[in-house]
Amino acid sequence: RGAPVASVSFREGGAAGALSQSQFVRFAERHRKLLNAYLRQSPARFDGSLALMLKVPRLIEFENKRAYFKAQIQHEHAERAHNHTIRICVRRP
């Protein structure tokens, strides 16, 4: 494995939280290819240190979005019986 990646947490609300979030978005825009390569190797990061990228979907490559969506469907499927409906939240601009 490579070097450990620092976990970043953001507080919802407040000027400090908004500032930290905007700093992360700027960082992610500059390093989009590297972050997407990292997510390709470790998709579990969507639930951890890179969860904020889900709030800015333009930063995520399609293949990573597809893998995340598929993992969420499989997770829901494992928790529910086969005959139940699946609830899906879709954010559209």
Side-chain angles (χ1 to χ4, degrees):
R1 293 194 163 232
V5 175
S7 178
V8 179
S9 63
F10 297 95
R11 285 184 232 139
E12 293 295 324
L19 179 64
S20 297
Q21 186 174 354
S22 67
Q23 287 175 341
F24 176 78
V25 170
R26 281 193 310 247
F27 172 83
E29 286 173 345
R30 281 192 301 253
H31 302 287
R32 181 182 306 186
K33 287 187 179 188
L34 180 64
L35 290 171
N36 276 291
Y38 184 66
L39 286 169
R40 226 175 286 120
Q41 292 178 349
S42 179
R45 294 289 180 201
F46 275 124
D47 295 329
S49 59
L50 295 177
L52 186 59
M53 286 185 74
L54 292 171
K55 293 184 179 183
V56 189
R58 73 177 191 275
L59 298 174
I60 306 168
E61 291 176 353
F62 177 77
E63 291 301 318
N64 287 334
K65 290 177 192 177
R66 186 175 67 120
Y68 175 74
F69 180 74
K70 191 174 182 179
Q72 291 293 61
I73 294 294
Q74 289 175 350
H75 177 72
E76 289 289 325
H77 182 69
E79 288 183 355
R80 300 180 187 271
H82 295 289
N83 57 357
H84 288 236
T85 58
I86 297 175
R87 185 175 61 119
I88 299 175
C89 296
V90 178
R91 289 183 48 207
R92 295 186 182 166

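Just so it is clear, the structure is predicted and the values come from calculations on it, not from any experiment.
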Under the side chain to side chain contact (heavy atoms under 4.5 Å, CB included) rule, collect the residues that match up with Lys70, sequence neighbours excluded. Gln74
State plainly whether the residues Glu29 and Arg26 are in salt-bridge range, i.e. N to O under 4.0 Å. no
Kindly compute the distance separating CZ (Arg66) from CD1 (Ile60), expressed to the nearest 0.5 Å. 14.5 Å
Can you tell me how far apart CG (Leu39) and CG (Leu50) are? Round to the nearest 0.5 Å. 5.0 Å
Who pairs with Arg91 by side chain to side chain contact (heavy atoms under 4.5 Å, CB included), at least two apart in sequence or on another chain? Lys55
Here the gap from Gln72 atom CD to Asp47 atom CG, rounded to the nearest 0.5 Å, amounts to 6.0 Å
Just by modelled atom types, is the Ala37 backbone N or O under 3.5 Å from a matching donor or acceptor in the Asn64 side chain? no
Suppose the criterion is salt bridge (charged side-chain N to carboxylate O under 4.0 Å, His left out): which pairs have a residue in residues 30-43, not counting sequence neighbours? Arg40-Glu61
Please list all pairs meeting ring-ring contact (aromatic ring centres under 6.0 Å, His included) that have one or both residues in residues 53-75, counting only residues at least two apart or in different chains. Phe46-Tyr68
Mind checking the CG-CZ spacing from Leu59 to Phe27? Nearest 0.5 Å is all I need. 11.5 Å
